[in-house]
Undergrad: 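Can you read through this structure? Questions will come right after.
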Amino acid sequence: MNNQGSNVKKFLHANGHVVLERVDNNYNLRSFTQKEIEDITGGYRIVLGEGGFGKVYKGKLDNHRPVAVKIYKNGTKKEEFAKEVIVHSQINHKNVVRLFGCCTEVNALTIVMEFVCNGNLYNILHCCSSNGNGSIPFPLDKRLDIAIESAEALSCMHSMYSPILHVSTTC
Ligand SMILES: Nc1ncnc2c1ncn2[C@@H]1O[C@H](COP(=O)(O)OP(=O)(O)OP(=O)(O)O)[C@@H](O)[C@H]1O
């Protein structure tokens with residue numbers, strides 16, 4: 001583990017001990033500085049969306065891999081952030097975005113994760129496409145596929161050593 005990686009480890013140990021007592025301690029996350037996050041997002045140019053904890057930006061790693069970068073609001077508790085990072089880092093499932101790393105600098109708490117290219121599920125389910133003869137609702141068989149795949153991901157998370165509680169599920 002490089003020096004930066006050990007910074008993340010120290011941060012998670014200091015702030016996430018309640019969760020760490022309940023999960024395997026096997027996270028392998030890259031550590032980013034605030035400056036690197038600025039570079040990855042090209043100066044926070046493209047906003048993908050916004051959730052309860054902060055804004056999500058599109059970014060690109062140095063190997064050109066596209067990523068989603070979630071910047072937590074100032075005032076987010078370090079313990080809350082550490083808990084999310086530790087739990088997310090434990091999940092290894094094809095239907096859950098992979099966590100690549102995080103920034104633990106003061107007032108710059110950020111996670112860097114796999115980018116999902118098909119947009120927001122809410123829009124897919126609630127916005128109809130059009131074929132010129134009126135709007136076409138998203139097909140039922142595809143809705144069922146999404147429901148099944150989501151349930152598989154939730155089931156995997158529930159089967160983990162540390163039970164995961166969901167406040168919201170974003171797909
Ligand atoms: N990995 C990703 N790839 C592409 N877009 C994403 C990704 N993660 C989030 N987004 C976009 O950003 C929006 C907000 O994401 P976020 O995770 O903050 O939502 P949330 O689950 O409502 O938030 P919170 O957990 O903070 O309440 C999503 O609705 C989606 O449009």
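Counting starts at 1 for both ligands and their atoms, in listed order. FYI, the numbering just counts along the sequence from 1.
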Undergrad: Do the side chains of Glu38 and Lys35 get close enough for a salt bridge, i.e. N-O under 4.0 angstrom?
TA: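 Looking at Glu38 and Lys35, the cut-off is not met.
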Undergrad: Would you tell me which option among Leu48, Thr76, Ile71 has the nearest heavy-atom contact to atom 5 (N) of ligand 1?
TA: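 Checking each option, the heavy atom nearest atom 5 (N) of ligand 1 is found in Leu48.
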Undergrad: Regarding atom 16 (P) of ligand 1: of the candidates Lys70, Glu84, Arg98, which has the closest heavy atom?
TA: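 Among Lys70, Glu84, Arg98, the closest heavy atom to atom 16 (P) of ligand 1 comes from Lys70.
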Undergrad: Output the list of atoms in ligand 1 that are nearer than 4.0 Å to some heavy atom of Asn120, sorted by atom number.
TA: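 This gives 29 (O), 31 (O) as the contact atoms.
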Undergrad: Any N/O of Gly52 closer than 3.5 Å to an N/O of ligand 1?
TA: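 Yes; the residue has a nitrogen or oxygen that sits under 3.5 Å from a nitrogen or oxygen of the ligand.
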Undergrad: Classify the angle between the aromatic ring planes of Phe53 and Tyr72 as parallel (below 30°), tilted (30 to 60°) or perpendicular (above 60°).
TA: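 The rings of Phe53 and Tyr72 sit tilted, inter-plane angle from 30° to 60°.
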Undergrad: Run Arg30 and Asp62 through salt bridge (charged side-chain N to carboxylate O under 4.0 Å, His left out) and show every step you take.
TA: CA-CA 13 Å; Arg30 185 167 158 192; Asp62 25 20; 3.6 Å; yes
Undergrad: Taking transitive links into account, so neighbours of neighbours count too, which hydrophobic residues share a cluster with Leu140 at under 4.5 Å side-chain distance?
TA: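 Leu144, listed by chain and number.
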Undergrad: Do the numbers put Lys58 on top of the ring of Phe115, so that NZ or CZ is under 6.0 Å from the six-membered ring centre and no more than 45° off the axis?
TA: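 Judged by the rule, Lys58 and Phe115 form a cation-pi pair.
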Undergrad: Could you see which bit of Val116 sits under 4.0 Å from ligand 1, with heavy atoms only: side chain, backbone, both or neither?
TA: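 Both the backbone and the side chain of Val116 come within reach of ligand 1.
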Undergrad: Under 3.5 Å between some N or O of ligand 1 and some N or O of Glu50?
TA: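 By distance alone, the answer is no.
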Undergrad: Decide whether an N or O pair under 3.5 Å exists between Val97 and ligand 1.
TA: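 Val97 vs ligand 1: no N/O contact under 3.5 Å.
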Undergrad: What about Phe53: any of its N or O atoms under 3.5 Å from an N or O on ligand 1?
TA: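 Between Phe53 and ligand 1 (N or O atoms, distance only) the closest approach is under 3.5 Å.
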Undergrad: For Lys55, what residues pass the salt bridge (charged side-chain N to carboxylate O under 4.0 Å, His left out) criterion, not counting sequence neighbours?
TA: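 Listed in chain order: nothing, the list is empty.
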